[in-house]
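A short worksheet on the structure shown next.
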There are 2 protein chains.
Amino acid sequence: MRKQQRKTGHPRRRSAAILDAAAEVFASRGFHGASTQDIADVLGIRQASLYYYFPSKEVALEEVCLRGVEGFLETAISIAAAAGSAHDKIARLIAAHLAPLRDRRPYVRTFLNERQHLPTESRRRIGRLSRAYERLIEDVLKSGVRSGEFRHDLDCRLAALGLLGLVNAVAAWHGKEPKTTIDRIASEYARLYLGGVGIARATGQRKRR
Amino acid sequence: MRKQQRKTGHPRRRSAAILDAAAEVFASRGFHGASTQDIADVLGIRQASLYYYFPSKEVALEEVCLRGVEGFLETAISIAAAAGSAHDKIARLIAAHLAPLRDRRPYVRTFLNERQHLPTESRRRIGRLSRAYERLIEDVLKSGVRSGEFRHDLDCRLAALGLLGLVNAVAAWHGKEPKTTIDRIASEYARLYLGGVGIARATGQRKRR
DNA sequence: GGAAAATTCTATAGTTCTATAGGTGAAATC
DNA sequence: GATTTCACCTATAGAACTATAGAATTTTCC
């Protein structure tokens, strides 16, 4: 008399679906706002059945957050290490930072908004990752200042934080904004960040009213 | 055998202190992560005593969020309506947006991060406010494009969202970053947003007065 | 000093939520 | 075709949390 339909398939597939559901629910309602019941509802299984896949809600958060950050630092390191102008590197860093939003937005959002609720240990570990990432951006900016590409009086720390604010905010609205592909955002933001909103290479002073 | 010290003073004072505590706790642990017990602990009173000041935790969130947004739209409207270049308006909008972080950061943070948990009605109301605010920024950008101050191919919608991302992120780290005053952030971000990180000199953001 | 108002207390009902224990049927393996 | 493993199930213990009721204490005001 069971009316549920079993999902057959490889175990990998199923745990992935479980984690997807958790990410979805954590992203939209927040870790504490989401109950394990909510996650189970998405999957069409019973609340207690989730505990076959993870030992606690907190561990589920850890796994989601982990998938939310994975790759970020590595990719950024390889971009920074490659040859090229600071200009190009910043543009590539922006594109690489936004790319994961295409196929794992709920994971990224959960990482960004809910990592503060991780247990102390993993929160610290992830905090170190974040700081390394920030420093890496800051270093690229500094190298751009040294090479003369960027303003000599640029506050690289503030500029790095600004860049992160700019790109991280995308996770919050992308998907709701119509007709805005990740590619488009990346190229527009790169332009914005590198050259500002103004007319970058105009010769004369703008007219003022 | 009561060891607590009563805070005497005007009723206004006391309710303000209660709301401060709620804002503090909501900002640092999130609405659902914060218990009424946590708020009471900050104040040194019993959990149930809070219900003398508000009828439910949700209403407390409403009041905190309301104080978190109040003034934003009004200030922005008057900046947009005033005379001056689009350049100046953007700079002033940035400064005005950051100003409340000086004296009500927990309120602003709670608004930014927890408004999604407001009951439907007030969430909608506040949603409308936010959208009006976004549109206003977008309009200033558009006027800058028309006047020739900004790039003719600027995507004003994206640029407006970018500006908001930039400034809203400050709420998350200001206070932890050492030696970074709101004034300094405002002027550096205005420069960044208007002229980018590169050595653009075209548009007259020079200080004159 | 005494009445009224304001503020906090104790005690607890009632709900919601996480997590555990043990069972069941289907699928995979031998 | 018997056995083991997998992926769920039911039932519930136990903790945490919101909110109410009514008493007690402190402060304000005359």
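Chain letters run A, B, ... following the sequence lines, proteins first and then strands; every chain starts at 1.
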**Study point:** Those residues that, when tested against Arg102(B), pass salt bridge (charged side-chain N to carboxylate O under 4.0 Å, His left out) (two or more places apart)
**Key:** Asp183(B)
Atom pairs and distances, side-chain donor-acceptor, residues 74-82 of chain A, under 3.5 Å, sequence neighbours left out:
unit_1: Glu74(A); atom_1: OE1; unit_2: Gly71(A); atom_2: N; d: 3.4
unit_1: Thr75(A); atom_1: OG1; unit_2: Gly71(A); atom_2: O; d: 2.7
unit_1: Ser78(A); atom_1: OG; unit_2: Thr75(A); atom_2: O; d: 3.1

Check your understanding: OP1 or OP2 of dT8(C) sitting under 4.0 Å from any side-chain N/O of Tyr53(B)?
Key -> yes
Practice item. Could you check how far CZ of Arg14(A) sits from P of dA26(C), rounded to whole Å? Key: 17 Å
Practice item. Indicate whether OP1 or OP2 belonging to dT10(D) is found under 4.0 Å from a side-chain N or O atom of Arg46(A). Key: yes
Check your understanding: Can you check the Ile18(A) CD1 to dA7(D) C1' distance for me, whole Å?
Key -> 9 Å
Review point. Is there a residue in residues 19-40 of chain B whose heavy atoms reach under 4.0 Å of DNA chain D, and which residues are they?
Key: Ala34(B), Ser35(B), Thr36(B)
Review point. Is Asp20(A) paired with Arg104(A) through a side-chain N to carboxylate O contact shorter than 4.0 Å?
Key: no
Point to revise | Phosphate contact (dT7(C) OP1 or OP2) by Ser49(B) side-chain N/O below 4.0 Å | key: no
Check your understanding: Is the distance from OP1 or OP2 of dC9(C) to the nearest side-chain N or O of Tyr52(B) less than 4.0 Å?
Key -> no
Check your understanding: Starting at CD1 of Ile45(B) and ending at P of dA19(D), how long is that distance when rounded to a whole Å?
Key -> 15 Å
**Study point:** Listed partners of Ser56(A) passing side-chain contact (heavy atoms from CB on, under 4.5 Å), at least two apart
**Key:** Glu58(A), Val59(A)
Check your understanding: Between His117(A) (NE2) and dC17(C) (C1'), how many Å, whole number?
Key -> 17 Å
Practice item. Using side-chain contact (heavy atoms from CB on, under 4.5 Å) as the criterion, list what pairs up with Arg191(A), not counting sequence neighbours. Key: Arg151(B), Asp153(B)
Revision key, fill the gap. Here the distance between atom P of dT26(D) and atom CZ of Arg13(B), to the nearest Å, is 23 Å
Check your understanding: Is the His87(A) to Phe150(A) ring centre distance short of 6.0 Å?
Key -> yes
Practice item. Could you check how far CD of Gln47(A) sits from P of dC9(D), rounded to whole Å? Key: 11 Å
**Study point:** Nucleotide dT15(C), atom P - distance to NZ of Lys57(B) in whole Å
**Key:** 18 Å
Review point. For the pair made of CG in Leu50(B) and C1' in dT18(D), what is the distance, rounded to whole Å?
Key: 11 Å
Check your understanding: With sequence neighbours excluded, what pairs up with Lys142(A) under the salt bridge (charged side-chain N to carboxylate O under 4.0 Å, His left out) test?
Key -> Glu138(A)
